[in-house]
Amino acid sequence: MKSEQLIEGLSDYVNAHDPFAVMVDGPWGSGKTYFIKKTVIPRIHTKHKVVYFSVYGYESLASLKSDLIGNLLISSLGKQPNEVDASKDVVPFIKGTMEGIGQKLVSFKALAETTEKFIIKKQLCAQKDDANPVLIIDDLERVSREIHTLDLLGFLLTNIIEPYGYRVIIVGNIQGIRDDECKEFTSTREKLVSRTFPFTYDFRNVNQEFFQNSDVDFIKDDANWLLKMINDYVQHNDNPLNLRTLEFILTTFKMIDKQFHEYWIKHSYGRLDCLQIKRSAFANLFVIATEYREGRLTRENLTVIDPLLNTNVFFFPHIKDGEKMSMAEDITIRYHDSQTLKEVIMYDSSVNEAVFNGVFRAQHFINMWMKLFDSRSHHSVLGRLANFRNLSDKQLKDLECQLIQESQASETSINNILSTINMFIFFENNGLYLCNEKYLPKFLKELKDVAANSLSDDASLYNPDYIGSMYTTLAKNTDALNQVKNILQLAEFNQHKQKTEQLVNAIFEEDNKTIRKFDQSGFSTNIFREILNSDYLPRDILNSGSKAPLLNRYLHFEYIQISNSKDFHAGEVSDISSFIKKIDTFMAGSPKIEKIDRFNLKELRNTLTNILNRFEN
């Protein structure tokens with residue numbers, strides 16, 4: 001669910017009278033707690049009293065109940081639980097609020113045990129006249145083994161929701177509930193939880209909430225590059241972004257950046273390449289820290305990545321079928337699919353020390369980087385431009401003019417061009433564009449040429465969410481954004497058309513290798529429209545020696561054998577109907593067609609009819 005959808009769903013629940021709890025379910029480290037505290041609570045706190053309570057750390061249900069009831073009581077009296085020590089301050093607090101009973105209270109525990117039915121129930125029930133009070137229970141999957149999860153949920157239903165009208169939002173990770181309770185929880189939660197909201201952190205918020213709020217200039221200035229590298233990893237591995245791991249990486253890199261700064265105050269070696277060096281250090285840190293936080297890399301097995309150290313050329317011998325990959329090779333497969341990371345990655349023992357020991361040897365890393373990278377050929381103009389704060393006006397102007405002059409002369413990528421446009425618009429908005437030439441037309445022409453010749457495996461060249469998070473300044477410039485959008489969408493259309501032609505051609509040439517490649521890539525297209533609008537139909541199907549069996553075999557594999565093929569081929573019904581009519585017309589008007597060809601066409605027609613019936617139903 002998108003953030004606004006989740007907020008809307010929780011708001012509807014809070015303002016209704018649902019006699020059950022609801023749950024926000026998401027992976028560990030996906031940012032559920034951050035989202036609840038920073039977004040949900042401020043949104044509903046204006047109308048409702050809200051108590052946030054983590055069940056992590058409690059060893060018994062009795063102590064958990066006691067503290068929870070104490071927090072609810074304190075909140076009902078107009079205070080925040082963190083403003084009052086439930087074991088010490090609640091007595092004088094209640095003395096001043098409830099006349100006649102304060103003298104009898106020795107401790108909060110005594111209050112909870114002896115007067116709950118009277119004082120607490122009366123006070124909590126009184127809130128029913130106001131807006132529904134809200135209780136947020138966090139870390140459900142981290143509750144102690146001494147506390148049965150269903151006992152806790154039962155307590156919330158019968159002792160919190162039913163008598164006091166609380167709206168209870170449970171936050172946790174269903175996949176993380178321990179095995180001995182998971183099956184029971186899954187089968188009975190509908191009796192306790194009326195609705196479960198899936199949670200995934202919105203990747204578009206990373207830039208603003210983590211990078212732009214950083215006090216490390218590299219993190220802020222090179223945010224687009226960082227986002228691209230992280231996004232490549234998330235997409236390639238189909239993993240949600242783990243915010244706890246990201247926070248650990250950013251905290252560790254702050255220490256690394258400080259060590260670089262202190263080294264370059266005293267030494268000039270590597271200073272001109274500082275941006276690329278920091279990119280390499282961050283990429284190295286990203287891999288090692290993620291592997292460590294995922295539990296795959298430990299102090300004990302750290303030597304398994306020795307083959308990756310002190311090199312930027314990663315090669316592994318062919319793995320035989322059934323042979324287990326080494327951890328070093330496994331890491332390259334998991335991370336090096338990203339071209340962004342691949343261009344800068346090197347592994348150095350000083351980063352291992354930063355992750356495991358909290359110390360970093362800047363000189364060691366710089367020395368190794370300078371040995372592995374030819375700084376003059378790898379240090380791009382764009383990279384230097386991103387470090388504009390350290391340039392003079394003349395240096396900045398020269399780099400801007402150089403990029404414009406080289407816009408048609410050098411090989412680059414779509415991402416580099418978009419980053420350049422984004423940066424130049426930023427410079428122009430802030431009075432830092434010093435070159436006199438008009439930059440946008442030249443960069444758009446370069447984008448058009450590169451996009452036209454870039455056959456990407458990505459599903460979409462133009463993704464508004466991706467551009468909105470990666471190139472924030474460009475995204476706010478409506479005119480430039482629309483021109484970029486038109487260029488990329490046209491290129492995407494032409495790419496898709498070209499790939500469709502390749503697929504159809506492979507079908508009729510019986511090129512199974514190419515067909516498998518398209519199938520594995522997840523490519524989806526309307527091949528019927530392509531066949532109808534080209535010469536494939538009269539040349540390969542409606543003639544003597546028809547290749548109908550080849551198309552028929554492909555349709556069986558792609559449409560008939562896949563139960564949900566309708567989900568991947570929406571909008572093809574009318575073209576399938578037209579295809580059937582073309583076959584009928586040909587067969588009716590060709591009485592001398594050979595019997596084998598007629599048989600093959602009938603089989604193809606039956607397959608098309610089967611697909612049509614399936615799609616229409």
Side-chain angles (χ1 to χ4, degrees), residues 9-24 36 40-41 43-55 58 60-84 86-87 89-91 93-94 97-102 105 108-140 143 147-172 188-195:
L10 292 176
S11 297
D12 289 343
Y13 165 75
V14 165
N15 291 303
H17 296 284
D18 189 338
F20 300 95
V22 295
M23 184 171 185
V24 177
I36 290 292
V40 175
I41 291 179
R43 185 75 66 91
I44 63 179
H45 187 63
T46 56
K47 291 176 57 178
H48 305 268
K49 290 179 180 177
V50 181
V51 172
Y52 171 87
F53 188 88
S54 172
V55 299
Y58 286 93
S60 72
L61 186 58
S63 62
L64 188 154
K65 289 180 181 179
S66 178
D67 282 359
L68 175 56
I69 292 295
N71 285 342
L72 297 182
L73 177 60
I74 292 168
S75 173
S76 73
L77 296 170
K79 287 280 189 177
Q80 288 299 313
N82 59 4
E83 297 176 338
V84 179
S87 63
D89 299 334
V90 72
V91 176
F93 177 68
I94 294 178
T97 309
M98 297 181 175
E99 297 180 0
I101 62 168
L105 302 179
F108 175 70
K109 185 174 290 188
L111 169 67
E113 292 175 354
T114 63
T115 67
E116 178 183 351
K117 290 183 179 179
F118 303 95
I119 302 170
I120 298 178
K121 184 175 182 179
K122 179 180 179 182
Q123 178 61 24
L124 296 183
C125 283
Q127 296 181 104
K128 289 183 177 180
D129 298 330
D130 300 322
N132 297 334
V134 178
L135 169 61
I136 298 174
I137 298 291
D138 200 1
D139 299 315
L140 179 68
V143 71
I147 302 175
H148 199 284
T149 304
L150 292 181
D151 289 343
L152 171 60
L153 295 181
F155 167 76
L156 294 175
L157 179 64
T158 59
N159 294 78
I160 305 296
I161 297 176
E162 292 178 353
Y164 306 134
Y166 273 86
R167 307 288 83 216
V168 175
I169 301 172
I170 300 169
V171 183
T188 59
R189 64 176 169 172
E190 67 234 20
K191 301 176 183 178
L192 308 169
V193 178
S194 64
R195 188 175 292 105

**Student:** Could you state the interatomic distance from CG (Leu152) to CG (Leu157), rounded to the nearest 0.5 Å?
**Tutor:**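 Between atom CG of Leu152 and atom CG of Leu157 there are 11.5 Å.
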**Student:** Determine, step by step, whether Leu192 and Leu156 satisfy the side chain to side chain contact (heavy atoms under 4.5 Å, CB included) criterion, reporting the C-alpha distance in whole Å, the side-chain angles of both residues, the deciding distance to 0.1 Å, and the verdict.
**Tutor:** CA-CA 9 Å; Leu192 308 169; Leu156 294 175; over 6 Å; no
**Student:** Kindly give the heavy-atom pair with the smallest separation between Ile161 and Ala21, and that separation in Å.
**Tutor:**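 Nearest heavy atoms, Ile161 then Ala21: CD1-N, 3.7 Å.
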**Student:** Checking Arg167 side chain against Asp18 main chain: does a donor-acceptor pair fall under 3.5 Å?
**Tutor:** yes
**Student:** Could you tell me whether the side chain of Tyr166 and the main chain of Ile136 form a donor-acceptor pair under 3.5 Å?
**Tutor:**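 Here the side-chain-to-backbone pair does not exist.
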**Student:** If every non-hydrogen atom of Pro133 is compared with every non-hydrogen atom of Gly165, which pair is closest and at what distance?
**Tutor:** CD-O, 4.0 Å
**Student:** Please report the shortest heavy-atom distance between Leu135 and Phe53, naming the atom on each side.
**Tutor:** CD1-CB, 4.2 Å
**Student:** Kindly compute the distance separating CD1 (Ile74) from NZ (Lys49), expressed to the nearest 0.5 Å.
**Tutor:**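 If I round to the nearest 0.5 Å, the distance is 12.5 Å.
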**Student:** Measure across Ile44 and Ser11 and return the closest heavy-atom pair with its distance rounded to 0.1 Å.
**Tutor:**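 Heavy atoms only, the tightest pair is CG2-OG, 4.3 Å.
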**Student:** Mark yes or no for whether Ser66, through its side chain, and Ser63, through its backbone, hold a donor-acceptor pair below 3.5 Å.
**Tutor:** no
**Student:** I need the Leu140 CG to Ile147 CD1 distance, nearest 0.5 Å.
**Tutor:** 10.5 Å
**Student:** Look up atom CG in Asp67 and atom CG in Leu72, then write down how far apart they are to the nearest 0.5 Å.
**Tutor:** 11.0 Å
**Student:** Which residue is it: Val14, Ile41, Asp138, Ile137? I am looking for the one with a side-chain contact (heavy atoms from CB on, under 4.5 Å) to Ile169.
**Tutor:**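 Running side-chain contact (heavy atoms from CB on, under 4.5 Å) over Val14, Ile41, Asp138, Ile137 with Ile169 returns exactly one hit, Val14.
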**Student:** Excluding sequence neighbours, so at least two apart, what forms ring pair (Phe, Tyr, Trp, His ring centres under 6.0 Å) with Phe20?
**Tutor:** none
**Student:** Indicate the atoms forming the closest heavy-atom contact of His48 with Asn132, along with that distance.
**Tutor:** ND1-O, 2.6 Å
**Student:** Quick one: are Val24 and Val40 in side-chain contact, heavy atoms under 4.5 Å?
**Tutor:**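 Counting from C-beta outward, Val24 and Val40 never come under 4.5 Å.
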**Student:** For a quick test of reading the model, state the closest non-hydrogen atom pair linking Phe155 to Leu68 and the distance between them.
**Tutor:** CE2-CD2, 3.8 Å
